[in-house]
Amino acid sequence: MAPENNTDPILETFLYENLSLIERVELILVESETEKKLDDEAIREIFRAMHTIKGAAAMMGFDAMASTAHLVEDLFDCLRQNAESCDYTQLSDELLPILDYLRNCLSLVEQGEVPPQLDEKLVEPIQKSLSELKQDPQKEKAGHPAPIDGKTALDRARERRLMEQPPLESFDYCVWMDFEADCQMEGMRAFTALKRLEEAADLLAYRPEDLDQGDTTDQLIRDQGFVTWLNCRLTVDELRQYLESNVLFIHTIKIMTQAEYAAKANNKKDSGKTAAADEVVPAHVVPEKAPEAADSTAPTHLQKRQNFINVNVNKLDKLMDIVGELITSELMVTHNPELAGLNLKGFDRAANQLRKVTDELQDMVMSIRMVPIAGTFQSMQRIVRDMCRKLGKDIALNLSGEETEVDKNVIDLISDPLMHLIRNCIDHGIESPAERLALGKPEKGNIYLEARHESGEVCLTIRDDGHGLDRAKILAKARKSNLINDDGAGLSDKEVWSFILKAGFSTNEQVTEFSGRGVGMDVVMQNLEQIGGKLQIESEMNQGTSFLIRIPLTLAIIDGMEIAVGNKRFTIPISMIREAFRHKDEAVVLDSSQNELIMIRGRSHQIIRLHRTFKLETPVEDLKEGIIIVLEHDTKAICLFADRMLGEHQVVVKPIPPYIGQIEGVAGCSIMSDGTVSLILDINGLIERGASRS
């Protein structure tokens, strides 16, 4: 039964870890089709992943998930014995629906619902493959010794006690434990015990050494227990308490020092119960580590500590909110009008120290929130694979910049836009193999998914080598949808391409599983608008289409320059400011569209007067009385004219309230030190608008 409280940290860990395992298995299967092979290591990795999912689901009481994972685990247990018999294409077809089921189960668990039983139609192919593998005598693993009287030497050795002979000469403790009856997954629980011991001690050896042998290991531990040898500075009582607190379902723990262990071994030897040397189960011995210098200041407990912890992203969001409020409060104190004109050297020193600590805290919180975009990129492989199979196309997804780091909240919101854009490239953009050959193109199409940092933003490019957007077809659909009244000859390509972003707009005449309803591209824009993102489309007939997404590196805090226009304040991201100057003798001319242009070092820049853009009253209209700020982004530059610059500071980015609505040229707002609101300018939008008018 699903737990009622979905904020339970154990449940959160279960959901996160198992979703990661499912995504990893899915990626391995998709790559196996691309590489046309599934090697031994990949098979073993999938086996271990399904074994872990099975154990975790059983421990949480989700029996349907556990039994499903157990079935897949059995299949890969057989495949480990003969990987050559693996048909990677058939295997992907059988297992990907199973992974979808497990992923859906996790979603239901997160919502507090009980996962349903797996559809028998999905189980049948796995059961059939498993039955064939078990019946084929050629699929027995090569190299296994033939049984003698029904038992191998290893089988006979395992019938003796695991602790009868130590695997090494020097150790602090030998720890034997067993688990509660009917707890299931003893191998997984022993593995958990190992991980916990590694955090508190130097692990030397353990038996049984193969903890990933499924039911074989589970039964062995039930019969004989699990034993480890280790070095540890904890006392016996401290070690016992540590294990009881950190390992679930422990029934009995026996801890012996080396002297006690030796005495017990001698007693057994004297009574004639010592096992023959050739029948002792080999223990897994942990490789010896290089000696480290002794630390006289080190505590006498827990010499090895855990280096990573899982943190709920909601806690990071709350921490970021607190840091934002701290920055705002710091500005209110250090820029308090009551302090103006006062010579307070001690206060200034304290304020500078506060600012330094605040900056360090902000940088640390930001670094914690940043995660690589690789996981999101790799999840697109499955989408490409499934659509190609259904549409009969051959397309490769090429990834680059996977190490690019993005704010966790941004990652969550760009997955859907990326998915829709890639589906669009596959369905609308890239031709069928026959059409590509007829056009003189390679039979296999390509989609390029790239990420990079640029001017305080993350730039994502989705590009295909298909036939490109059909201007005439889009205009015809726009006329039919009453978006335009003429032939559209006066529209630029950028304006024409923007029609495909309208809700309900589709050039497909027939509704299919993937397109025709006009739903998808409008979702892209909705998601991007939530995170202040922009979408730029470029296309060339028979060459392909490119979608460029620009999104903020973070949604929280930026370094900004505050400017004044009349009685209003605006903030400009510092990263986009190239220079600022007072107008003197620079030539200012008008172009054919009556836009003001100023020459700076032989290059013309358009001037945007902010008081005209936002219809503000100001006494400063002469260019020589105000300030000109040169902004540059992606090789494009523009000049903003404002009354004056007020200073540089960090601002906490907040969205425009929904009741106000979207303001053209504004990306967000921030509360200033005196409680007033400063609008954060959308520099990309201003530059693009200036470029379109010129």
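None of these values were measured; they are calculated from a predicted model.
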Here the pair of heavy atoms bringing V565 nearest to A642 is CG2-CB, 3.9 Å
Are K408 and D317 within salt-bridge range, i.e. N to O under 4.0 Å? no
Pairwise distance CD(E562) to CZ(F570) - rounded to 0.5 angstrom: 11.0 Å
Please tell me if the side chains of L610 and L616 come closer than 4.5 Å, counting only heavy atoms from C-beta onward. no
I'd like to know if E538 pairs up with R463 as an ion pair, taking the criterion as any Lys NZ or Arg NE/NH1/NH2 lying under 4.0 Å from an Asp or Glu carboxylate oxygen. no
If only side-chain N and O atoms count, and only distance matters, is there a donor-acceptor pair under 3.5 Å linking T618 with D643? yes
I537 and W497: which non-hydrogen atoms are nearest, and at how many Å? O-CD1, 3.5 Å
So, the side chain of R452 versus the backbone of L460: is there a donor-acceptor pair under 3.5 Å, distance only? no
Is the side chain of E23 donor-acceptor paired with the backbone N or O of S20 at a distance under 3.5 Å, no angle test? no
Testing the 3.5 Å rule here: is there a donor-acceptor pair between the side chains of T376 and S415? no
Compare every heavy atom of C425 with every heavy atom of F547, then report the nearest pair and how far apart it is. CE1-SG, 4.0 Å
I'd like to know if the side chain of R582 reaches the main chain of G626, judged simply by a donor and an acceptor atom lying under 3.5 Å from each other, with no hydrogens or angles considered. yes
Check step by step if side-chain contact (heavy atoms from CB on, under 4.5 Å) holds for T461 and S546. CA-CA 7 Å; T461 302; S546 175; 3.7 Å; yes
Rounded distance [0.5 Å steps], CG in L640 versus CD1 in I629: 6.0 Å
Heavy-atom side-chain contact between V588 and L597 under 4.5 Å: no
N424 side-chain N/O to H420 backbone N/O, donor-acceptor pair under 3.5 Å: no
State, with a plain yes or no, whether a side-chain heavy atom of L548 is found less than 4.5 Å away from one of C459. yes
Could you verify whether a donor N or O on one side chain and an acceptor N or O on the other, from N352 and R355, lie under 3.5 Å apart? yes
Do other residues, nucleotides or ligands put more than 12 heavy atoms under 6.0 Å from N398 CG? yes
side-chain contact (heavy atoms from CB on, under 4.5 Å) between D348 and T334: does it pass, once the steps are laid out? CA-CA 8 Å; D348 290 340; T334 57; over 6 Å; no
Report yes if the side chains of D470 and I474 come closer than 4.5 Å at any heavy-atom pair, otherwise no. no
May I ask you to test the I430-D465 pair for a side-chain heavy-atom distance under 4.5 Å? yes
Backbone of T545 reached by a side-chain donor or acceptor of D464 within 3.5 Å: yes
Just by distance, do the side chain of H605 and the backbone of R603 share a donor-acceptor pair under 3.5 Å? yes
Using a strict 4.0 Å threshold on nitrogen-to-oxygen distance, state whether E579 and R601 make a salt bridge. yes
May I ask you to test the L397-M380 pair for a side-chain heavy-atom distance under 4.5 Å? yes
Smallest heavy-atom separation, D486 atom then R479 atom, equals O-CD, 3.1 Å
So how far is it from I447 CD1 to I395 CD1, rounded to the nearest 0.5 Å? 5.0 Å
For Q378 and E402 the tightest heavy-atom approach is NE2-OE1, 3.4 Å
Return the CZ to CG distance between F347 and L342, rounded to the nearest 0.5 Å. 9.5 Å
State whether R103 and E26 are salt-bridged, where the test is any N-O pair (Lys NZ or Arg NE/NH1/NH2 against Asp/Glu carboxylate O) under 4.0 Å. yes
Can you tell me how far the CD atom of E596 sits from the CG atom of D591, to the nearest 0.5 Å? 10.0 Å
I563 and L646: side-chain contact (heavy atoms from CB on, under 4.5 Å), yes or no, with the steps? CA-CA 5 Å; I563 61 175; L646 301 178; 5.9 Å; no
Do the non-hydrogen side-chain atoms of I627 and F641 ever get within less than 4.5 Å of each other? no
Going by heavy atoms in the side chains, are D407 and I411 under 4.5 Å from each other? no
I680 to C669 - nearest heavy-atom pair and separation: CD1-O, 3.8 Å
Under the side-chain contact (heavy atoms from CB on, under 4.5 Å) criterion, do L449 and L418 qualify, and how do the steps go? CA-CA 9 Å; L449 184 54; L418 286 180; 4.0 Å; yes
Looking at M364, I want to see if its CE is surrounded by more than 12 non-hydrogen atoms of other residues, nucleotides or ligands under 6.0 Å. no
Do S539 side-chain atoms and L469 backbone N/O form a donor-acceptor pair below 3.5 Å? yes
Within a 6.0 Å radius of atom CD on E617, are there more than 12 heavy atoms belonging to other residues, nucleotides or ligands? no
Rounded to the nearest 0.5 Å, what's the gap from CE on M332 to CD on E325? Could you check? 8.0 Å
